[in-house]
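Beneath this line is the structure, given in structure tokens, with notes to follow.
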Amino acid sequence: MSGHSSFESNNAIVKWIEYRLPIFSFIHSSAVVYPTPKNLNYWWNMGSLAGVMLVLQIVTGIILAMHYTPHADLAFASTEHIMRDVNYGWLLRYMHANGGSMFFIVVYIHILRGMYYGSYKAPREILWWMGIIIFILMMATAFMGYVLPWGQMSFWGATVITSLFSAVPIVGDSIVTFLWGGYSVDQPTLNRFYSLHYLMPFVIFGVVFVHLWALHHHGSNNPLGIDRKGPQDSIPFHPYYTVKDLYGMGVFGTIFAVVLFFAPNYMGHPDNYIPANPLVTPAHIVPEWYFLPFYAILRAIPDKLFGVVAMFGSLLILFVLPWLDTSKVRSARFRPVYKMLFWAFFIDCLVLGYIGGKPPEGIFIVAGRLATALYFLFFLVLPFIGWFERPKKLPDSISTAVLDSGGGGAPDGAAAKAEDRG
Amino acid sequence: MADSTGGDGHDPSRRDFLYVAAGGLGVVGVAGAVWPMIDQMNPSQDVLALSSIEVDLSGIEEGQSITVSWRGKPVFIRHRTAAEISEAADVSMADLPDPESDAARAEKPEWLILVGVCTHLGCVPLGQQGEYNGWFCPCHGSHYDTSGRIRKGPAPLNLPVPDYVYLDDNNIKIG
């Protein structure tokens with residue numbers, strides 16, 4: 001939907017460059033006049049916020065790399081050197097560590113928004129895939145980054161997560177030895193994790209570009225989930241959404257700053273301020289909070305191989321979501337059954353996250369298995385919902401819906417008609 | 001929709017003020033956020049803490065030199081001979097590209113203390129070599145005399161004398 005550009009300039013230098021590299025018209029068509037649905041709500045702020053967080057992580061990460069030493073004997077000390085000696089090192093490291101968490105919060109909301117409003121449906125399946133690839137790359141990047149301070153949680157997290165691959169039949173142990181570059185997590189592991197942790201964000205950046213390319217081809221979905229039918233349904237990206245995004249960034253930045261300055265270790269684990277000791281495991285190993293739901297699924301299955309399969313499956317199943325969801329109606333606003341199912345799924349994810357942070361004993365084992373079953377049940381019943389659910393009547397266009405209800409709300413009470421279901 | 005400012009917001013200068021105030025605050029905020037990212041490249045606290053050293057001179061015989069490391073750079077400490085001292089003192093200021101008296105460069109004439117970094121492009125000169133029996137830089141051929149002053153070659157300035165104090169007769173503190 002970036003479409004043709006109406007860009008014109010009288011500046012000779014701009015014209016000279018534009019003739020050779022049409023960068024000004026590209027920016028103009030994709031970020032200024034770019035037609036955007038006029039009814040986007042604040043849940044649509046998360047995309048640009050995620051982009052900002054990616055850039056912030058790259059910038060602070062490059063800075064930390066100037067002071068960090070990727071060596072088993074020096075990594076922990078160099079991290080403390082950053083905290084104590086480097087000018088503003090404490091700020092930059094806390095910004096990077098908490099920035100990772102804030103990035104995941106934004107991305108989780110972004111994914112859930114896509115699920116609620118059916119943004120993964122045709123013609124945005126590849127856009128959705130790129131998003132999942134970014135998410136998986138983020139998890140790999142975050143995991144390897146957490147290893148770098150070389151504290152106890154770093155070391156044992158690295159040991160546990162790399163050992164997941166030992167569940168692979170026959171070649172499992174060889175894979176783990178390969179990942180470690182030795183017989184245990186040690187200097188070779190740390191050094192390669194450092195190298196890859198530096199590389200991955202740039203890979204993510206590339207996939208983000210493809211993500212945006214796909215996005216701009218058909219344009220954003222919207223809270224109504226219906227296609228735009230003409231220019232009356234769109235407004236230019238600038239100034240309307242640049243201002244809205246900036247306002248959202250201000251609110252988000254305030255929350256970030258509160259965490260950064262008043263609770264910088266709230267989302268961390270105190271054991272990671274103990275230098276790595278390959279001979280002693282901490283009493284209670286937990287990953288960072290953003291991995292907890294998946295960690296709970298891993299522990300819920302009382303079989304090594306199937307636990308690992310279930311954990312990776314819980315991620316990979318997102319790839320087929322566009323086909324598991326058989327309804328042609330995108331937005332949950334018009335899908336009463338899906339809406340309930342979505343919120344049940346959301347609560348289930350929170351429950352899984354809670355259980356993932358608890359020791360695997362007593363009631364938590366039973367609850368973890370139940371919540372894991374419900375997680376997959378969501379994807380199992382989804383195809384059938386599309387068949388029997390009777391969606392509410394969709395508005396004729398974005399424009400009429402926005403003008404009629406004054407806020408873009410769903411026309412509640414409208415008689416459900418069967419014509420819109422798939 | 002065309003004019004939704006409402007109320008008494010008809011004065012265009014009010015909107016201009018808001019633009020400038022918001023933009024100005026934004027610039028201050030961004031500058032404040034960027035400064036830590038720049039300042040982190042300045043020397044860290046542990047580097048600053050190591051920026052002075054103490055040296056014991058008692059073991060250096062007349063005619064001997066030692067090289068010590070200070071702030072990552074070589075510092076030459078030379079116990080000069082009487083001949084070198086008189087040679088350095090007798091030079092006419094007119095012959096010096098960077099005029100400086102030997103007395104101003106050595107608090108006690110027998111002890112010459114120099115930062116051993118050529119003022120041309122940063123190489124370490126070799127001691128007791130060159131046409132003036134002082135230091136000679138092998139990189140681009142700068143000759144320094146027995147007071148470490150530039151006499152010939154591309155270097156523009158004398159070898160610098162670091163700040164130092166005598167703690168007692170045999171100990172100095174550099175930096």
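Protein chains get the first letters and strands the later ones, always in sequence-line order, with residue 1 at the start of each.
Residue-environment remark: CG (D163(B)) stays at or below the threshold of 12 foreign heavy atoms within 6.0 Å. For K229(A), the NZ atom sits in a packed shell: over 12 heavy atoms of surrounding residues, nucleotides or ligands are nearer than 6.0 Å. Counted within 6.0 Å of OH on Y42(A), heavy atoms from surrounding residues, nucleotides or ligands total more than 12; the atom is thus considered enclosed. The number of heavy atoms from other shown groups lying within 6.0 Å of CG (L196(A)) is above 12. Other residues, nucleotides and ligands place no more than 12 heavy atoms under 6.0 Å from the CH2 atom of W43(A). Under a cut-off of 6.0 angstrom, the local environment of CZ in F209(A) is sparse, with at most 12 non-hydrogen atoms contributed by other residues, nucleotides or ligands.
For L56(A), the part lying under 4.5 angstrom from a heavy atom of chain B is the side chain only.
Within residues 18-48 of chain B, the residues approaching chain A closer than 4.5 Å by heavy atoms are, in numerical order, W35(B), P36(B), M37(B), D39(B), Q40(B), M41(B), N42(B), P43(B), S44(B), Q45(B), D46(B). Within residues 88-99 of chain A, the residues having any heavy atom closer than 4.5 Å to a heavy atom of chain B are Y88(A), L91(A), L92(A), M95(A), listed by residue number.
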